[in-house]
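The structure appears right after this line, and notes come after that.
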Amino acid sequence: KNEDLRYNTLYFYDLNAKLNYTMNPFNRFYISSYIGKDRFAAGGSSWGNSLLSARWNHLFSDKAFANLTLTGSWYNHSFDGYSPENSMFRLTLLLRNYNLSYDLTRYTRSNNKINLGLNARYTALPPTRLDGNIEGIPILIDSSRSCVQLLTTLYAEGIFDLTAKL
């Protein structure tokens with residue numbers, strides 16, 4: 001038995017799922033998810049992320065439609081440290097994102113395209129944690145504040161073919 005390999009771990013997994021539902025010719029719903037977790041350690045590091053997305057697509061006509069989308073993502077990372085003196089510690093980081101968007105698309109008679117939309121994104125970095133012991137001395141650092149950001153966007157875009165009649 002090799003003592004140097006006692007903390008080694010290796011695995012990777014990913015899981016995807018998607019569900020589509022057509023309510024009627026004008027309304028469709030989509031739900032997608034992703035979950036992944038990886039651990040690659042000669043001492044210990046693991047990370048994982050998850051994503052969930054829900055979208056409602058509404059057709060106003062054959063030239064105009066809208067999408068309402070809600071997404072959430074969660075990322076986790078931890079790092080385990082070991083030393084020959086039996087010192088151990090774990091650093092844990094988290095990141096959270098939530099997004100809501102509403103997008104309108106309209107095609108004109110001349111097949112040009114107009115996009116309008118608004119978006120709100122909330123990002124949170126929850127408190128970071130460091131715990132363990134170094135040479136027998138217990139340590140605990142637990143930040144008490146989260147860092148958060150709210151970003152809102154309003155946009156308009158036109159895509160025009162200026163050479164169609166040349």
Backbone N/O of Asn24 and side chain of Thr22: donor-acceptor pair under 3.5 Å:
no
Would you say the side chains of Arg28 and Asn57 form a donor-acceptor pair under 3.5 Å?
no
Would you say the side-chain atoms of Asn115 and Tyr155 include a donor-acceptor pair closer than 3.5 Å?
no
For the [atom1] atom of [X] and the [atom2] atom of [Y], what is their distance to the nearest 0.5 Å?
| X | Y | atom1 | atom2 | value |
| --- | --- | --- | --- | --- |
| Leu116 | Asp103 | CG | CG | 9.5 Å |
| Ser32 | Leu19 | OG | CG | 8.5 Å |
| Lys113 | Thr105 | NZ | OG1 | 5.5 Å |
| Ser33 | Lys18 | OG | NZ | 11.5 Å |
| Ile159 | Asn112 | CD1 | CG | 9.5 Å |

Same cluster (ILVMFWY, side-chain, under 4.5 Å), [X] and [Y]:
| X | Y | value |
| --- | --- | --- |
| Leu70 | Phe65 | no |
| Val148 | Leu151 | no |
| Leu59 | Leu104 | no |
| Leu68 | Ile31 | no |

Phe160: what forms a ring pair (Phe, Tyr, Trp, His ring centres under 6.0 Å) with it, not counting sequence neighbours?
none
Side-chain contact, heavy-atom cut-off 4.5 Å: [X] with [Y]?
| X | Y | value |
| --- | --- | --- |
| Tyr122 | Gln149 | no |
| Trp56 | Asn27 | yes |
| Asn49 | Ile35 | no |

Quick check: closest heavy atoms across Leu51 and Ser73, and the distance to 0.1 Å?
CD1-CB, 3.9 Å
List the atom of Thr71, the atom of Ser53, and the distance in Å for their closest heavy-atom pair.
CG2-OG, 3.6 Å
Return a table of donor-acceptor pairs under 3.5 angstrom between the side chains of residues 93-100 and protein atoms on other chains or two or more places apart.
from: Arg96; atom 1: NH1; to: Tyr75; atom 2: O; distance (Å): 3.2
from: Arg96; atom 1: NH1; to: Asn76; atom 2: OD1; distance (Å): 3.3
from: Arg96; atom 1: NH2; to: Asn76; atom 2: OD1; distance (Å): 3.2
from: Asn97; atom 1: OD1; to: Thr123; atom 2: OG1; distance (Å): 2.7
from: Tyr98; atom 1: OH; to: Trp74; atom 2: NE1; distance (Å): 3.0
from: Asn99; atom 1: OD1; to: Asn119; atom 2: ND2; distance (Å): 3.3

Can you confirm whether more than 12 heavy atoms, excluding those of Phe26, are under 6.0 Å from its CZ atom?
no
Assess the residue pair Tyr34 and Asp14 against the criterion (side chain to side chain donor-acceptor pair (under 3.5 Å)); give the C-alpha distance rounded to whole Å, side-chain angles, the decisive distance to 0.1 Å, and a yes or no.
CA-CA 7 Å; Tyr34 167 81; Asp14 298 286; 2.2 Å; yes
